[in-house]
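Since the structure is predicted, the reported quantities are computational estimates derived from the model, not experimental observations.
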Amino acid sequence: MAKKGFVKKSAEEKKQEVDNLLGLLDEGVKNFQQDPEKFKALLKMQAMFRGYSFRNIMLIQAQLPTASYVASFKRWKELGRSVRKGEKSLRILAPRLKMEKDESTGLDKQKLIGYISCPVFDLSQTEGEPLPIDDVRLKLDGESDEAEIIFAWVKLLAEQDDCPVEVAFANGSNGYYVPSSHRIVLDPKLSVNHRAKTMVHEYVHSQLHRHDHSTAKERECVAEGVAFIVCSYFGLDTSDYSFEYVNGWSQDGGKSLMNYGTTMQKAASTIIEDIERVALSLPIPAESAELVEQAS
C-alpha cells in the first residue's frame, strides 16, 4: 500500500532515505527471479524471429532505438499481423550471392558479390494477432492519488525546462524522450501509476542524457533507478516493475548497478528537491490536497 503523502524532511533525512531506497533497488535487482512464463514466451519469440548480424543490429538501432522484434512485411503477414499504414520501413543489408563453378572441384558454389538493402519493420509498427510476449509484457497497473500528483509535479518541471510533454502513440513503447527536439512522449494506454513512473523515467533522460554519450545500458539503468527512488519517496511503489526492468538492462543480474549509484543518488536528490519546490504551485484536487499540505 502506498504511503499517504510525504513529510518534508531535512537535508540529512532526505539523503538517508534516498540512500536507503538506492540500497533497496540494488538488493531487489540482484534478487529478482525471472518469471518462468516470461522466459518461455521469450524463447517462443526467439524461435519466431531470425537472428541478425551485429552490423544489421546496429543499423536497426540507429534507425529505431526502441526496436525489439524485426521482420519483413511478408513475415509479419505470416504471423497474422500487418504493418500500419504510413509506417516507414527500416533498412538492413542482405548478402547478394551468385552461383559459380569451383575450378578445383568442379562443383557449383555460392559467391558473395555484394549487399542489397532490404526493408523490415519492428513489432511496434504492426498490429494484429497477439504474440507470445504480449501475455507477459512488463507493465505497471493501478491508479493512485500519489501517481496523479507525481505526474503533475514532474510534468511541470519538464515544462519549466521548455521540454513539452505529449500524450500520443509511442511507437510500441511506454514513452520516450527525443533529444533533438527536447520533448517527452507518453503512450495514452498507460495506467495512471505507469504513466507517473514513465514520466519520471523520461524526465531523467531529459535532464541527464540530452547531450550524453553513455551506453544504452547505463542510461536505462539510471533512468529507471531514479524513477524507482523518486516514486517511492513520494509514496508510489514501482518495485515489481523497476526491479525487473533494471535487471534486464544491467545484463549481469544487477552486479554492475552500483557503478551508477552516485549518478542515481545525485539525480534522485535533485529531482526530489525540485518537486518540493514546485509542489505548492499546482492546483491539486480537493481529495488529494492533504498530500501537498504536508509538503509545505
Side-chain angles (χ1 to χ4, degrees), residues 35 37-95 115-140 166-181 183-191 194-195 197-199 201-202 205-206 209 214-221 223-224 241 244-251:
D35 180 352
E37 291 305 312
K38 175 160 286 190
F39 183 67
K40 283 192 279 187
L42 291 172
L43 290 178
K44 289 180 181 178
M45 293 294 285
Q46 289 176 1
M48 284 181 173
F49 295 89
R50 57 165 290 181
Y52 288 99
S53 67
F54 179 77
R55 175 187 294 181
N56 277 330
I57 290 173
M58 292 299 99
L59 283 173
I60 292 167
Q61 290 294 313
Q63 296 167 83
L64 183 62
T66 59
S68 55
Y69 296 96
V70 173
S72 67
F73 187 94
K74 179 181 177 182
R75 179 58 176 151
W76 283 122
K77 281 291 187 183
E78 294 171 350
L79 295 173
R81 297 181 68 86
S82 57
V83 176
R84 281 192 299 270
K85 185 177 181 179
E87 291 288 352
K88 183 179 179 181
S89 67
L90 310 175
R91 310 300 293 194
I92 63 171
L93 295 175
Y115 292 89
I116 56 175
S117 174
C118 294
V120 292
F121 296 87
D122 181 59
L123 170 61
S124 65
Q125 298 174 292
T126 69
E127 56 191 3
E129 292 298 316
L131 296 171
I133 199 67
D134 292 332
D135 294 331
V136 291
R137 191 178 296 279
L138 188 58
K139 59 185 177 180
L140 179 63
E166 304 171 18
V167 177
F169 176 69
N171 297 327
S173 65
N174 298 320
Y176 56 86
Y177 168 64
V178 186
S180 59
S181 56
R183 64 188 175 93
I184 291 170
V185 176
L186 303 175
D187 195 275
K189 294 182 180 180
L190 298 179
S191 69
H194 204 159
R195 182 185 66 168
K197 196 283 307 175
T198 303
M199 178 71 239
H201 180 110
E202 301 306 333
H205 282 316
S206 77
H209 304 137
S214 58
T215 64
K217 169 186 170 182
E218 178 176 349
R219 291 194 298 272
E220 293 305 318
C221 286
E224 188 63 26
Y241 182 101
E244 181 172 355
Y245 187 97
V246 176
N247 181 280
W249 271 99
S250 66
Q251 300 171 348

- What closest approach, in Å, do Asp122 and Ser68 show between heavy atoms, and which atom pair accounts for it? OD1-N, 2.7 Å
- Query: Nearest heavy-atom pair of Gln61 and Ala67: which atoms, and what distance?
  - Reply: NE2-O, 3.8 Å
- Query: What distance do Ser89 atom OG and Gln63 atom CD have between them, rounded to the nearest 0.5 Å?
  - Reply: 8.0 Å
- Working to the nearest 0.5 Å, report the span between CD of Glu244 and CH2 of Trp249.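 So the gap between those two atoms works out to 14.0 Å.
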When you compare the side chain of [Y] with that of [X], does any pair of heavy atoms fall below 4.5 Å?
| X | Y | result |
| --- | --- | --- |
| Leu186 | Asn174 | no |
| Leu64 | Ser124 | yes |
| Asn56 | Leu93 | yes |
| Glu224 | Lys197 | yes |
| Pro179 | His209 | no |
| Val120 | Phe73 | no |

- Item | Lys217 atom NZ, neighbour heavy-atom count above 12 within 6.0 Å | yes
- Item | Arg91, CZ: over 12 other non-hydrogen atoms inside 6.0 angstrom | yes
- Item | Derivation of the side-chain contact (heavy atoms from CB on, under 4.5 Å) call for Arg84 and Phe169 | CA-CA 13 Å; Arg84 281 192 299 270; Phe169 176 69; 2.9 Å; yes
Please set out all donor-acceptor pairs under 3.5 angstrom arising from side-chain atoms of residues 76-83, sequence neighbours excluded.
residue	atom	partner	partner atom	Å
Trp76	NE1	Ala71	O	3.3
Trp76	NE1	Phe121	O	2.9
Glu78	OE1	Arg75	NH1	3.2
Arg81	NE	Thr126	OG1	2.9
Arg81	NH1	Glu129	O	2.7
Arg81	NH2	Thr126	O	3.1
Arg81	NH2	Thr126	OG1	3.3

- Can you check whether His194 and Tyr241 have ring centres sitting under 6.0 Å from each other? yes
- Counterpart residues, salt bridge (charged side-chain N to carboxylate O under 4.0 Å, His left out), relative to Arg183 (two or more places apart): Glu166
- Does Ala170 offer a backbone N or O that forms a donor-acceptor pair with the side chain of Asp187 under 3.5 Å? yes
- Would a distance-only check, ignoring hydrogens and angles, find a side-chain to backbone donor-acceptor pair under 3.5 Å from Glu202 to Tyr177?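 Answer holds: yes.
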- If we ignore angles and hydrogens, is there a donor and acceptor under 3.5 Å between the side chains of Glu220 and Tyr245? yes
